[in-house]
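Shown next, in structure tokens, is the structure this report addresses.
So that the names make sense, note that chain A is the first sequence line, chain B the second, and so on, each numbered from 1.
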Amino acid sequence: MPELPEVETIRRTLAPHLLGQVVRAVQLLTPSVWRGRDPADLVGRCVTALDRRGKHLLISLDGSPAVVLHVHLGMTGRLVFLPPGAPVPERHVHARFSFDGGELYYQDTRRFGYLELLPGGAVDRHPRLRLGPEPLDADFTAGVLQGMLAGRRAPVKAVLLDQHILAGVGNIYADEALHRAGVHPLRPAGDLSQREVEALRDALREVLEEAISARGTTFSDYRDGEGQPGQFVAHLRVYGREGEACPNCGTPVARERLGGRSTYFCPRCQK
DNA sequence: AGACCCCTGCTG
DNA sequence: CAGCAGGGGTCT
């Protein structure tokens, strides 16, 4: 579920509740979702930062040495902060973190996500966090994207989805960016013209920024850090819209499978 | 690039 | 009942 815009929205909505707060207790209800050091090691530590890398959330806590709680939400993961008295989630709650101002719940219906407690420091060298560049960083230029695509025969969409090459783009935003750029998802990555690479770079940044502004895309499961759904589903142009009119040209949106996943595109606008 | 795996729930 | 779902991993 959560791609870059959703994780960024969760980060922003959790930050005011967690920064400067001390973990008073941790309850791990489903041990299999936990990796790394003992969760009890969190108790007494203060949250010093919330960061995002791609689709990964990194919660830094103080201490000597400091630690980082690494969260990946998979398809259906949620991280929701609730003040005292708020209705308590009941289904698929796997962990609960108590703070003076409320409780942080980790839920995940399908359990594809995980929580991992890492030593602080060079977290980006950790195997699961060896990711490609951030598409919203200022130095993600058309030249950088060109370098990612050059010489590859794989479909351009498959390259966009590869987190080791580019961080944070998932099935929804890959399809949306390719549509905006007018590029067919099955085109061999290395065949794109310079003009197409520039359009794709701009489209990726635009769609990710707009989705963050709309607080993410909610089909069913996704919620932000305060339990609220995102609004970007109303802005989707092709994703999940098989048979509906392309907003550009009116041609029915097509769906094909790529690597076992649905791919939506306009057969007329995307060559 | 594809198949299969992880897991639960919803839809047709 | 089969098929599908925003994540990723591993193995051909």
Side-chain angles (χ1 to χ4, degrees), chain A residues 1-10 29-35 52-57 70-79 89-95 106-116 126-132 135 149 151-179 184-191 204 207-208 210-212 214-224 229-243 255-265:
Chain A
M1 153 193 65
E3 306 182 28
L4 185 156
E6 289 75 35
V7 178
E8 178 62 19
T9 302
I10 290 170
L29 296 101
T30 309
S32 61
V33 305
W34 194 273
R35 303 177 186 186
R52 179 191 57 74
R53 261 299 269 140
K55 305 171 186 174
H56 301 250
L57 187 68
H70 166 210
V71 183
H72 189 87
L73 295 167
M75 294 271 264
T76 55
R78 289 183 187 175
L79 212 44
E90 294 179 4
R91 305 199 66 182
H92 306 296
V93 175
H94 305 305
Y106 175 71
Q107 295 175 278
D108 187 0
T109 303
R110 293 175 72 181
R111 275 180 277 145
F112 288 171
Y114 56 86
L115 302 163
E116 181 173 37
H126 185 273
R128 298 174 185 284
L129 289 167
R130 280 179 203 147
L131 304 170
L149 303 179
R152 296 183 189 271
R153 301 308 300 167
V156 59
K157 181 180 174 184
V159 177
L160 296 181
L161 291 179
D162 188 334
Q163 302 300 298
H164 303 289
I165 299 175
L166 179 66
V169 176
N171 211 29
I172 296 178
Y173 300 110
D175 282 1
E176 292 295 309
L178 287 163
H179 178 263
H184 195 290
L186 297 180
R187 285 271 301 284
D191 286 359
L204 280 164
V207 75
L208 294 171
E210 289 176 23
I212 291 170
R215 307 168 63 87
T217 299
T218 296
F219 287 119
S220 57
D221 297 290
Y222 167 71
R223 297 292 185 278
D224 70 16
Q231 304 301 321
F232 196 70
V233 68
H235 302 263
L236 297 175
R237 299 184 187 179
V238 289
Y239 189 87
R241 304 184 44 130
E242 180 182 18
R255 179 171 72 141
E256 287 185 21
R257 294 217 147 256
L258 192 163
R261 295 208 158 93
S262 285
T263 295
Y264 299 89
F265 64 99

Inset, instruction - Quick one: label Y173(A) by what it contacts on the DNA or RNA (base, sugar-phosphate, nothing), any heavy atom closer than 4.0 Å. - result: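 Touches nothing.
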
With a cut-off of less than 4.0 Å, is there a side-chain N or O of [X] near OP1 or OP2 of [N]?
X	N	value
K55(A)	dG6(C)	no
H92(A)	dG9(B)	yes
R91(A)	dT8(B)	no

The side chain of [X] lies closest to which of these nucleotides: [options]?
X	options	result
M75(A)	dG8(C), dT8(B), dG6(C)	dG6(C)
F112(A)	dG7(C), dC4(C), dG6(C)	dG7(C)
H164(A)	dG9(C), dT8(B), dA1(B)	dG9(C)
R111(A)	dC7(B), dG6(C), dA5(C)	dC7(B)
R257(A)	dG6(C), dG9(C), dC4(C)	dC4(C)
S220(A)	dG6(C), dG8(C), dG9(C)	dG6(C)
A154(A)	dA1(B), dT8(B), dC4(C)	dA1(B)

Counting distance alone, no hydrogens or angles: does the base of [N] have a donor or acceptor under 3.5 Å from a partner atom on the side chain of [X]?
X	N	result
T76(A)	dG7(C)	no
R261(A)	dA5(C)	no
R110(A)	dC7(B)	yes

Legend entry - Short N-O contact, D175(A) and R237(A), less than 4.0 angstrom: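 Between R237(A) and D175(A) there is no salt bridge, as every charged N stays at least 4.0 Å from the carboxylate O atoms.
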
Euclidean distance, atom [atom1] of residue [X] to atom [atom2] of [N] [Å, nearest integer]:
X	N	atom1	atom2	result
N171(A)	dA5(C)	CG	C1'	10 Å
Y239(A)	dA5(C)	OH	P	6 Å
R78(A)	dG6(C)	CZ	P	17 Å
Y222(A)	dG9(B)	OH	C1'	21 Å
H56(A)	dG7(C)	NE2	P	11 Å
D175(A)	dA5(C)	CG	P	11 Å
Y114(A)	dG8(C)	OH	P	9 Å
L73(A)	dC7(B)	CG	C1'	16 Å

Legend entry - Same-atom distance (P) from dT11(B) to dG6(C), integer angstrom: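 My reading of the P atoms in dT11(B) and dG6(C) gives 16 Å.
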
Inset, instruction - Please state the C1' separation for the pair dC1(C) and dC5(B) - nearest whole angstrom. - result: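 Each nucleotide's C1' atom is 22 Å from the other's.
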
Legend entry - Audit row: Y239(A), F219(A), ring pair (Phe, Tyr, Trp, His ring centres under 6.0 Å) steps and yes/no: CA-CA 11 Å; Y239(A) 189 87; F219(A) 287 119; 5.7 Å; yes

Legend entry - Side-chain donor-acceptor pair present, E3(A), Y222(A), cut-off under 3.5 Å: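 Distance-only check fails for E3(A) and Y222(A).
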
Inset, instruction - Evaluate the side-chain proximity of T109(A) to R91(A): yes if any heavy-atom separation is below 4.5 Å, no if none is. - result: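 No, every pair of side-chain atoms sits at 4.5 Å or beyond.
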
Legend entry - Mutual orientation of the aromatic rings belonging to H126(A) and H70(A) [parallel < 30°, tilted 30-60°, perpendicular > 60°]: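 Perpendicular, since the angle between the ring planes exceeds 60°.
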
Inset, instruction - Name the orientation class of the two ring planes belonging to F232(A) and H235(A) (parallel below 30°, tilted from 30 to 60°, perpendicular beyond 60°). - result: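 Answer is parallel, since the angle falls under 30°.
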
Inset, instruction - Could you let me know what dC10(B) is paired to, Watson-Crick or G-U wobble, both distances under 3.5 Å, or none if it's on its own? - result: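 The answer is dG3(C), by the H-bond criterion.
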
